[in-house]
Each structure stands twice: as structure tokens, then as C-alpha cells.
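The sequence lines fix the lettering, A, B, ..., with proteins before strands; numbering per chain opens at 1.
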2 protein chains.
Amino acid sequence: MKRAKKKVFADFMSQKGLKSTKQRDIILDCFLSSDRHLSIEELYLKLRSKHPNIGYATVYRTLKLFAEAGIAREMQFGDGQTRYEHVSEGEHHDHLVCTRCGHIEEFENETIEKLQDEVADSRGFLIERHRLEIYGLCANCRK
Amino acid sequence: MKRAKKKVFADFMSQKGLKSTKQRDIILDCFLSSDRHLSIEELYLKLRSKHPNIGYATVYRTLKLFAEAGIAREMQFGDGQTRYEHVSEGEHHDHLVCTRCGHIEEFENETIEKLQDEVADSRGFLIERHRLEIYGLCANCRK
DNA sequence: GCCATCATGAAAGTGACATTCATTGACATT
DNA sequence: AATGTCAATGAATGTCACTTTCATGATGGC
Ligand SMILES: [Mn+2]
Ligand SMILES: [Mn+2]
Ligand SMILES: [Zn+2]
Ligand SMILES: [Zn+2]
């Protein structure tokens, strides 16, 4: 699916008339082979060892492009940094966030989603998106 | 319940050895008689007409005190500003947020809460808190 | 290879919050 | 009422995570 996302991004770029560059290739590679839920700073630092010539602004702008292209999603977990997570077409999930170690776990619950639709319907809301985050201690940190 | 919250705050203050001031009284009054989900800036501007001598920093610090005292809660709706909402002892609710007009509606759904507990249990998470926000168009903005 | 465009990155700007510090105010004690 | 002590205030400044600028460099259609 790494290859699939590279194709999605390449298509997006050519369709937008944007150029392929060494930096973008490197950043995309690094992003796709990283943990999910990475901040700009984290990705920037991760790159810096092998590619000290890639600037923060380029990482920043490239992640925005990933989001525009639909292969990444911006997330706020309240730690003061924007995080980017991988997204796949048609996939959705919510999060469990450990307040001690920062570990983030994903889950899907079809029943919760249905109930959300009902709530929105009953108020006349047209849902665009939602966010459900459960904060607490992960199994590891409870020990 | 305005009086009840004033008492909760007064008790908190005296128990902490903090002082009662004109500013704090004014800010508390203004907060309690405001719409829910107010940002620091909004409250500050609202106060400024009648009390131009109250500084932003004091509003900022006083809202933090309200949160500590348990009569307010900090919220992030992704518009770049922290909002403070009224809270009552033992009460909980989630939010529907209109992406066009900014209108915020509250709801409670016991079944969703239970399902969240189940999800957390199945992963070994100990829940501290959660946030569920549904973004979309409110009934008014759909017309 | 030429060249109109786009991309890059160091540096500067932005905005919302957070802190500093000189001064003021609250209130317990004379 | 005056004093002493320590918390409170607010103008100014600092912080931090973006976000934008602009001079320079790279890309790719011809
Ligand atoms: Mn995720
Ligand atoms: Mn609310
Ligand atoms: Zn943990
Ligand atoms: Zn609306």
C-alpha cells in the first residue's frame, strides 16, 4: 500500500501541475515508513540525520500536500502539536490516547458511528466529519 | 445555579488561600452570564466596554482558576482558540459544531458512553476523559 | 539547452497563549 | 485608621508552533 499511496500522490501532483523533487520523494518515503501520528517536528528530526539539507518549511509544506492529496490527515491530540496520520481511501477510525506515554491506539466501532448519525439527524445537523478520542492510561502504563 | 457556582468558586479560593478581588468578581459574573464556549479573547472584549482597566492576562489567569475550581472546562474545537464552557458537578456532554456559523450544540448519549467504556476495556485502557465532536452544518445553515 | 514556473530553505512574521516584574490591592494585625 | 505581608494586576515581553516571504536553485515542456 506504500506503492499505492505513492501513486495517489504522484497523480495528485501531476494533476495539479506540481513538480516532483528529491525532497518530496524523500519526505514521502520517510512518512510512509514511519509510525502513524507523527508531528512535523518529529518527521523533520527523523529526516535530519540522513538529509540535513531538508528544511523545516519543506517538511511542513509537503505534509500539507499529503493531506490535500488525501494520503494524510491532520490531527490534534491536545499536546500542542499537529500530527499527521496515514489515511487510506474509505477508511475511518478513532483514537485511544495514553496521557502518560503518548501512545496512540486506533479503533473502529460501527455502532458508535451509527448512534452519532442518529444524534446528528435528531438535531438537523448534516455531518461532515467527527472526532472521538478517549484519553487515559494505556495497558502498559497501568502496570 | 449561578449562585451555586459562585459559592463553589469562593470556597475553592478561600481553601487555596487566594484573595477575592473586584476583577475576579466581575469576570466571574460576566462568564456566568455569557454564552457557553467562550474564548479568552471573546470574554476579554466583552468585559472591555464596561471595564477597560481589566487586562487580558487577568482574564486568562482567572479562567484557568475557574477550570481549577471545577466551574469551567477548557475546550479545543480546532479553530485555534481555547474555549471555556460552564460545567456543573457530575454533568457531561459532547458537542455538535457547525463548520459554517460556529454554532455549538450539546448532547448526551448514554449508549455511546457505554460503548466507549467497552472499547477502552477491550484494549486495557483506563479512561480519564474523552471528547466526541461532530462537525457539520447546523439546521439553520442547511437551509 | 532555454526558460517560464515551481520548489527550496533561511529568515522573518504571526497569533494565541504564557510569564515577568514593578506596582497595586486585600486583609490580618496593630 | 495605619501598617505589614503577600497575593493580584496588567503592560510588556517571552514562547512556541506554525506560516509566510523572498532570494536562489531545480524542473520539465519546448
Ligand atoms: Mn489514527
Ligand atoms: Mn458544551
Ligand atoms: Zn501509556
Ligand atoms: Zn451553522
Side-chain angles (χ1 to χ4, degrees), chain A residues 9-31 37-69 72-84 102, chain B residues 9-31 37-69 72-84 102:
Chain A
F9 186 60
D11 289 351
F12 169 82
M13 294 298 273
S14 75
Q15 187 244 313
K16 281 264 188 179
L18 301 175
K19 290 170 181 172
S20 152
T21 68
K22 283 195 242 10
Q23 287 92 334
R24 286 171 176 171
D25 289 349
I26 292 167
I27 294 169
L28 179 53
D29 245 335
C30 189
F31 176 69
H37 319 114
L38 214 59
S39 72
I40 303 171
E41 181 82 13
E42 283 167 356
L43 187 49
Y44 170 65
L45 291 176
K46 200 176 165 197
L47 283 162
R48 221 171 65 164
S49 47
K50 280 184 107 75
H51 306 281
N53 54 317
I54 294 183
Y56 176 93
T58 300
V59 177
Y60 161 78
R61 284 181 292 225
T62 305
L63 282 172
K64 290 264 180 211
L65 280 179
F66 293 170
E68 264 193 81
R73 181 160 59 130
E74 286 191 4
M75 312 255 21
Q76 300 291 337
F77 291 114
D79 63 349
Q81 292 198 197
T82 301
R83 292 178 179 284
Y84 288 83
Chain B
F9 187 60
D11 290 350
F12 169 82
M13 296 297 273
S14 74
Q15 187 244 314
K16 281 264 189 181
L18 302 177
K19 290 171 180 169
S20 151
T21 68
K22 281 198 249 353
Q23 287 91 335
R24 285 172 177 171
D25 289 348
I26 292 166
I27 294 168
L28 179 53
D29 245 335
C30 188
F31 176 68
H37 318 116
L38 212 60
S39 71
I40 304 172
E41 181 83 12
E42 284 167 356
L43 187 49
Y44 169 64
L45 291 177
K46 200 175 165 201
L47 284 161
R48 222 171 65 164
S49 45
K50 279 185 108 75
H51 306 280
N53 52 319
I54 295 182
Y56 175 94
T58 299
V59 177
Y60 161 79
R61 285 180 293 223
T62 304
L63 282 172
K64 289 267 179 209
L65 280 178
F66 293 170
E68 265 192 81
R73 182 161 58 132
E74 286 191 5
M75 312 252 26
Q76 301 290 338
F77 291 115
D79 64 347
Q81 291 197 196
T82 300
R83 292 177 181 282
Y84 286 81

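The nearest pair of heavy atoms linking B:Arg24 to B:Lys19 is NH1-O, 2.7 Å. Of all non-hydrogen atoms in B:Tyr44 and B:Gly55, the two that sit nearest each other are CE1-C, 3.8 Å. Closest non-hydrogen pair, A:Arg83 versus A:His37, comes out as NH1-O, 3.0 Å.
Between the P atom of C:dA7 and the CG atom of A:Leu28 lies a distance of 15 Å, rounded to the nearest Å. In this structure, the NZ atom of A:Lys16 is 18 Å from the P atom of D:dG28, given to the nearest Å. As rounded to whole Å, 7 Å separates atom P of C:dA10 from atom OH of A:Tyr44. As rounded to whole Å, 14 Å separates atom P of C:dC6 from atom CZ of A:Phe12. Note: CZ (B:Arg24) to P (C:dA26) measures 11 Å, nearest angstrom. In this structure, CG of A:Asp25 is placed 19 Å from P of C:dC6, rounded to the nearest angstrom. Between the CG atom of A:Asn53 and the P atom of C:dG9 there is a distance of 6 Å, given to the nearest Å. In this structure, A:Lys64 atom NZ and D:dA17 atom P are separated by 15 Å, rounded to whole Å.
C:dT5 is paired with D:dA26 under the Watson-Crick or G-U wobble criterion, all donor-acceptor distances under 3.5 Å.
Residue order along DNA chain C, read from the 5' end via each residue's closest nucleotide, puts B:Gln76 first among B:Arg61 and B:Gln76. Annotation: of the two residues near DNA chain C, B:Gln23 and B:Gly80, the 5′-most nearest-nucleotide partner is B:Gly80.
B:Tyr56 has a side-chain polar atom (N or O) that falls below the 4.0 Å cut-off from OP1 or OP2 of C:dC17. The side chain of B:Thr82 places an N or O atom within less than 4.0 Å of a non-bridging phosphate oxygen (OP1 or OP2) of C:dC17. Side-chain N/O atoms of B:Tyr60 include none lying less than 4.0 angstrom from OP1 or OP2 on C:dC17. The side chain of A:Lys22 contributes an N or O atom lying less than 4.0 Å from OP1 or OP2 of D:dT27. An OP1 or OP2 oxygen of C:dC6 is reached within less than 4.0 angstrom by no side-chain nitrogen or oxygen of A:Thr21.
A donor-acceptor contact under 3.5 Å is formed by the side chain of B:Lys19 with the base of D:dC6.
Using the six-membered ring where Trp is involved, B:Phe66 and B:Phe31 have ring planes that are tilted, between 30° and 60° apart.
Counting only heavy atoms from C-beta outward, the side chains of A:Gln76 and B:Gln76 never approach each other to under 4.5 Å.
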